[in-house]
Every structure is written in structure tokens, then in C-alpha cells.
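Here is the structure we will look at.
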Amino acid sequence: MHLPLPPPPLLLLLAALAAAVTTFRPDWNRLHGLARARVETCGGQLNRLKEVKAFVTQDIPLYHNLVMKHLPGADPELVLLGHRYEELERIPLSEMTREEINELVQELGFYRKAAPDEPVPPEYLRAPAKPAEGARDRPDL
């Protein structure tokens with residue numbers, strides 16, 4: 001009787017990396033009433049996370065109703081808040097790229113301005129408070 005050979009170490013490493021690199025998908029059922037968000041992080045953490053640091057320093061100023069909050073020792077997280085500032089969900093950002101974070105924030109309905117000092121159009125002043133088109137029928141991604 002022959003026992004199957006174990007998989008090569010490189011194959012195991014690739015499988016572990018593929019499992020570890022997953023993009024966060026929001027639980028749409030928990031996000032009714034989403035009104036604003038903040039990114040919580042520690043400056044020291046940002047120095048080792050170039051992608052998140054680029055998002056924080058260059059992209060956050062472009063988003064309406066999205067702010068930065070420095071917390072000593074905190075890993076970077078996107079904290080989604082309701083109308084009364086109640087916490088709806090926390091999304092870890094450490095493993096995400098700048099592009100993935102931007103895609104997520106826009107998918108959540110946050111308005112991105114072309115420049116930080118650009119006025120927000122009236123229809124987006126309460127964004128992302130109005131539900132995205134089809135959000136009620138979406139399954140949890």
C-alpha cells in the first residue's frame with residue numbers, strides 16, 4: 001500500500017498566502033443607516049504600512065464624511081458609523097492595498113471629491129446615508 005506524497009512546501013506556502021490575502025466584503029445587512037466613517041490608527045503603525053499610509057495622507061481628504069482619528073497603538077481600521085455615531089462595523093485595513101481601500105470606501109457610497117477644497121454637490125451632502133441602489137437585495141458578500 002502506497003501513502004500519498006505530501007504536497008511540496010512551495011505549494012503549501014502559496015496556498016497559505018492565497019488564503020491570507022482576502023479583501024474584506026461588507027455585511028450589507030448591518031450597514032443600514034451608514035452615515036459616516038473614520039479611520040483609526042497609530043502613526044507608528046502607518047510607517048510600516050505604506051499602502052494604508054498613502055490612503056490616509058492622500059485619499060482621506062478627498063472623501064466627504066470620512067475622517068482620520070489617531071489612537072496610540074491601534075492597528076488601522078475603517079470604523080463605519082450611523083447617524084447617531086453608533087458603530088456599525090469595523091474593517092481591518094492592514095492587509096489591504098490603497099486601491100482596495102478606495103474601492104471599498106466608494107462601494108460603501110462615500111463621495112470622492114476631485115480636490116480637498118472642492119464643494120460637495122447637494123445630492124451627496126448626506127452620502128453615504130442613502131442606501132446604494134439594490135443594497136437591500138444584496139446578499140452578504
Side-chain angles (χ1 to χ4, degrees), residues 2-141:
H2 294 289
L3 295 175
L5 294 173
L10 181 59
L11 185 59
L12 287 174
L13 178 62
L14 290 174
L17 286 174
V21 180
T22 57
T23 302
F24 179 85
R25 302 305 332 150
D27 178 353
W28 293 102
N29 297 321
R30 294 184 58 191
L31 297 181
H32 291 289
L34 176 62
R36 57 190 48 89
R38 68 177 177 253
V39 173
E40 295 181 349
T41 190
C42 169
Q45 297 283 22
L46 283 181
N47 289 333
R48 67 177 180 83
L49 301 168
K50 292 180 183 176
E51 292 279 327
V52 177
K53 183 175 184 174
F55 173 78
V56 167
T57 59
Q58 298 171 30
D59 297 329
I60 285 180
L62 300 174
Y63 285 101
H64 179 60
N65 284 337
L66 180 60
V67 297
M68 173 68 190
K69 182 176 183 179
H70 289 278
L71 294 176
D75 284 331
E77 291 184 308
L78 177 64
V79 181
L80 303 176
L81 305 167
H83 294 285
R84 296 185 179 112
Y85 294 90
E86 71 276 14
E87 187 175 304
L88 302 175
E89 186 150 5
R90 286 181 169 264
I91 303 168
L93 300 178
S94 298
E95 301 300 321
M96 295 176 74
T97 66
R98 179 181 181 185
E99 182 179 333
E100 289 171 334
I101 299 168
N102 274 295
E103 287 173 5
L104 174 62
V105 170
Q106 290 176 27
E107 182 180 355
L108 290 168
F110 287 88
Y111 177 75
R112 183 180 169 117
K113 303 178 281 184
D117 57 348
E118 179 182 285
V120 177
E123 64 269 24
Y124 293 105
L125 286 175
R126 297 192 58 198
K130 53 186 178 183
E133 192 173 312
R136 292 183 190 266
D137 298 332
R138 285 179 89 157
D140 180 20
L141 302 175

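Excluded from the calculations below are hydrogen atoms, water molecules and symmetry mates; all remaining heavy atoms, backbone and side chain alike, are included.
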What's the shortest heavy-atom distance between [X] and [Y], and which atoms?
X	Y	result
Thr41	Met68	CG2-CE, 2.7 Å
Leu34	Leu108	CD2-O, 3.8 Å
Arg36	Pro128	N-CD, 4.3 Å
Leu80	Leu31	CD1-CD2, 3.6 Å
Ser94	Pro76	OG-CD, 3.5 Å
Ile101	Leu93	CG1-CD2, 4.1 Å

**Asked** Among pairs that include at least one residue of residues 55-71, which meet salt bridge (charged side-chain N to carboxylate O under 4.0 Å, His left out), considering only residues two or more places apart or in two chains?
**Response**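 Qualifying pairs, neighbours excluded: Asp59-Arg98, Asp59-Arg112.
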**Message:** Closer than 3.5 angstrom, by distance alone: can the side chain of Gln58 be matched with the main-chain N or O of Phe55 as a donor-acceptor pair?
**Reply:**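 Absent.
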**Asked** Distance-only, no hydrogens or angles: does the Glu86 side chain make a donor-acceptor pair with backbone N or O of Arg84 under 3.5 Å?
**Response**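 Such a contact is found between Glu86 side chain and Arg84 backbone.
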Anything under 3.5 Å between a donor and an acceptor, one on a side chain of residues 113-122, the other on a protein residue two or more places apart or in another chain? List them.
{"residue": "Lys113", "atom": "NZ", "partner": "Pro116", "partner atom": "O", "Å": "2.9"}
{"residue": "Glu118", "atom": "OE2", "partner": "Ala114", "partner atom": "N", "Å": "3.4"}

**Message:** Going by salt bridge (Lys or Arg N to Asp or Glu O under 4.0 Å), name the residues that satisfy it together with Glu40, two or more places apart in sequence or in a different chain.
**Reply:**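 Per chain and number, Glu40 pairs via salt bridge (Lys or Arg N to Asp or Glu O under 4.0 Å) with Arg38, Arg90.
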**Asked** Do Tyr124 and Asn65 meet the criterion of a side-chain donor-acceptor pair at a distance under 3.5 Å?
**Response**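 No, no side-chain donor-acceptor pair sits under 3.5 Å.
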**Message:** Between Tyr111 and Gln106, do the side chains contain a donor N or O and an acceptor N or O under 3.5 Å apart?
**Reply:**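 The criterion, which ignores hydrogens and geometry beyond distance, is not satisfied for Tyr111 and Gln106.
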**Message:** Counting C-beta onward and ignoring hydrogens, is there a side-chain heavy-atom pair between Glu103 and Glu107 closer than 4.5 Å?
**Reply:**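 Side chain of Glu103 against side chain of Glu107, heavy atoms only: no contact under 4.5 Å found.
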